[in-house]
Asks: 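Quick one: the structure is below, and I'll ask about it shortly.
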Amino acid sequence: MGNYYIRRTARVFATVFIVTSLTFGLIRLLPGGPFTQLRVRLLRQGVPASEVDARIANLQNIQPDAPLWRQYIDYMLSAMQGDFGESISLGKPVAQVVAEAVPWTVFIVLVSTVLIFLFGILLGAIQAYWEGSRFDKAISALSISLMSIPFYVIAVLALFILAYQFQWFPTAGTHGTDVEPGLTLEFLVSALEHAALPIFSYTIGGIGGQALAMRGNSIQVLGNDYVEVARLRGLADRRIATWYVARNAILPLYTGFLLLLGFRLGGTVILEQIFSYPGLGYYLWSALESNDYPLMMGTFLVITVALVIGVYIADLTYSKIDPRISQGESDAY
Amino acid sequence: MPTEAEKQENVNWRSASSESPEVTLRDRLSEYFEERIRKPALVAWSDGRTRIGLLIMSVYIAMAFVAVFDLYRAPSTNQAPRLETAFQSLDYPLGTTMSGVDLLSLIIHSTPDVLLMIIAGGLWATVIAVIIGTLAGYKGGMVDRVLMSFSDVMMAIPGLPLVIILAVTFNPKNPIVLGILINVNYWAGLGRSLRSQVLTIREDNYVEASRTMGMSTPRILLKDVIPNLMPYVTVNFVFAARYVVFASIGLFFLGVLPFSTQNWGVTLNYAYSGGALFTWQAAHWLIFPMIAIMGISLSLILLGQGMDRVFNPRVRTRLAGESESTAEEGDSRTTEVL
């Protein structure tokens, strides 16, 4: 068992290492090459030719004239220390931009994913209990229709109708420009107002899938012998519903929760762009548009690390929660 | 799914015995047709969801035909009055865009590329997953460890950001390449769950028998293992295809992918940047591409769920009137990203 945890932890570092290396390779593959573009840009800005290399080194953490392996080691070392260089378009260290963006993105993703699970589990459980009823059929149909709407369609429609036409919600930003960030009621209200539409559109589309999964799980659990035995023992319906059925039906959804959390971090690229919500995804996209490679790679790495950690936690805790899962190795043929 | 395995075992046993002289090729073909095509098709058709899904999909296929054989005018600027709203004239039933393009022709001529893209993406994801999953699950040991570590790494890279960066790097224009690019690491999750299924299949008697008889690994995989995985793979093909629709149109909409082809996402992007957000007058420009997207994903979901029933042994026995249970598998989906 202990061996498994060590191997699993080692794999986290290996994954992060490989992805960081991959970003290094991608930087060099990117169209036009960041160095050529940077050099042209700096020269155009009037930086003397003799200083250009030094400026590039400062921005990218890479000595452009050093051999490849040297550049690679420099890049990896500074990335390990959380130093992703300086953003070209914003003129700030990438680490600072990312640190400002992360809380907003995490807020949106976490709240919407929790809401998805709450509503999904509730709806699915009720459906399973009233299996075959009109309610069940209606919710199933609704779930399937919701599943077929991409979240960005909901986002655009919500922005179009609620923000632009009715002007009930702001159309951009994380909080009002006249509100100072801080633990004041005014700020919290403003932040919630700005986050409401992104969270809403990121939640609605996901509920259907979870409800269907929960429904399927619950129906399977309901068919088990131990539920029958519990009924025969005369246990209260409520007790059976929560302690026997719900617990076992939610279990498989749990891993999905952490995985989904990580995956949905990636989806924020589209979401935050639509709402001009300056989180991780927004910066990733704007970095892409302005050829800001350090910022692009920094945000990409942070999103990846978040996902890796999410999967890691899911793997480790799942075997704790569900004792049936064992990490046995199979024999080789 | 033990019942499924038993069922397959049965079929395998029969096809092995069909080598005997009194069974003609004709019998074998008709039995194959009966078992593999007619019965599943009956079950599928008996499910309303499959019927509706197929119906919607056939509309898209018809649209693709219309576009490929040029039965409807191709979109071009200034072919119509600007920003005409929908249902005003028979000439431009869905209205026109800001630059005077017929919206209906835009939507129709986007279909072939979208279909190509989702087929390519779905095939890529499922084929790679089957190869990796069966090999890792069947061979076990070192092969298993290496392949699974590899897919774990792939799984850990967030799909959408990776696709965006790859799209900027390689600037793909071909819809087939695009489909593959979008699902570049989608196979990882599917491969993992296929592997765990293979782990149980490989302990089955008939696989052991084949192994004792000295059959080669590729032959065992192809004849004994993969047929058992097909239900799961087919369902996931549909889900992978749906992911391609969601992701590709989202990325076209963002403007990440090159605007080399017609695509509903491109139309959405123009509508969005053309100011359709600010006025009801241009709402049709946003709404009809959205309906196109939702229609195709709805049909894919319905098909996926319908097929799930076809391959679900408990539902299949109900066809024979043996069981009334309506239990469903809830975990056919491996990765639900968007």
Side-chain angles (χ1 to χ4, degrees), chain A residues 11 14-15 18-19 22-23 26 29-31 131-132 144-145 147-153 156-157 159-160 164-165 205-206 209 212-217 219-220 223 252 256 259-260 262-267 269-270 273 281 284-285 288 296 299-300 303-304 307-308 311 329-333, chain B residues 49 137-144 149 152-153 155-162 164-166 168-169 171 199 202 211 217 242 245-246 249-251 253-254 256 268 272 276-278 280 283 286 290 293-295 297-302 305 325-331 333 335-338:
Chain A
R11 194 143 80 207
T15 310
I18 290 171
V19 173
L22 192 79
T23 58
L26 280 170
L29 261 180
L30 283 166
E131 193 201 332
I144 290 176
S145 339
M147 271 168 83
S148 65
I149 309 177
F151 70 83
Y152 47 85
V153 165
V156 171
L157 285 180
L159 192 65
F160 175 61
Y164 279 110
Q165 298 303 328
L212 283 180
M214 179 67 188
R215 176 179 179 274
N217 287 348
I219 290 175
Q220 247 167 9
L259 283 177
L260 209 64
F263 283 127
R264 287 162 65 81
L265 272 177
V269 182
I270 298 179
Q273 177 59 27
L284 176 60
W285 167 239
L288 209 71
M296 184 160 94
T299 43
F300 179 65
I303 293 177
T304 309
L307 178 55
V308 171
V311 176
E329 285 279 321
S330 53
D331 318 318
Y333 282 149
Chain B
R49 288 178 290 189
Y138 183 74
K139 290 299 261 185
M142 195 60 198
V143 177
D144 184 24
S149 305
D152 276 350
V153 171
M155 223 156 74
I157 305 176
L160 221 47
L162 176 72
I164 289 178
I165 288 178
L166 287 179
V168 172
T169 314
N171 218 15
L199 281 183
R202 74 173 197 161
R211 200 159 45 235
T217 306
R242 185 177 73 107
V245 175
F246 274 24
I249 290 172
L251 294 182
F253 170 47
L254 270 190
V256 178
L268 263 187
Y272 192 79
L277 270 185
F278 308 110
W280 285 108
L286 271 178
M290 285 179 181
I293 299 163
M294 290 190 279
S297 53
L298 179 66
S299 111
L300 285 172
I301 291 171
L302 289 172
Q305 295 212 330
S325 147
T326 48
E328 278 163 49
E329 295 288 304
D331 56 349
R333 296 161 303 125
T335 41
E336 195 65 41
V337 186
L338 285 175

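The analysis underlying the following values was restricted to heavy atoms, covering all of them including side chains, and did not include hydrogens, waters or symmetry mates. Just so we're clear, the structure is a prediction, and the values are computed from it rather than from any experiment. Residue numbers begin at 1 in each chain, while the letters A, B, ... track the order of the sequences.
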Asks: Check whether A:I149 gets within reach of chain B through its side chain, its backbone, both or neither, counting any heavy atom under 4.5 Å.
Replies: both
Asks: Based on non-hydrogen pairs under 4.5 Å, which of A:I144, A:V19, A:I303 is most in contact with chain B?
Replies: A:I144
Asks: Considering only heavy atoms, which portion of A:L284 lies under 4.5 Å from any heavy atom of chain B: side chain, backbone, both, or neither?
Replies: side chain
Asks: Calculate, to the nearest 0.5 Å, the distance between atoms CG and CD1 belonging to A:L212 and B:I301 respectively.
Replies: 9.0 Å
Asks: Using a cut-off of under 4.5 Å for heavy-atom pairs, which of B:L166, B:I249, B:L302, B:L300 has the most such pairs with chain A?
Replies: B:I249
Asks: Answer with side chain, backbone, both or neither: which region of B:V143 has an atom nearer than 4.5 Å to a non-hydrogen atom of chain A?
Replies: neither
Asks: Any side-chain heavy-atom pair from B:L268 and A:V156 closer than 4.5 angstrom?
Replies: no
Asks: Answer with side chain, backbone, both or neither: which region of A:V153 has an atom nearer than 4.5 Å to a non-hydrogen atom of chain B?
Replies: both
Asks: Give a yes or no on whether the backbone of B:F246 and the side-chain of A:Y152 come within a donor-acceptor separation of less than 3.5 Å.
Replies: yes
Asks: Closest heavy-atom contact between A:V269 and B:P161?
Replies: CG2-CG, 4.1 Å
Asks: Considering only heavy atoms, which portion of B:L254 lies under 4.5 Å from any heavy atom of chain A: side chain, backbone, both, or neither?
Replies: both
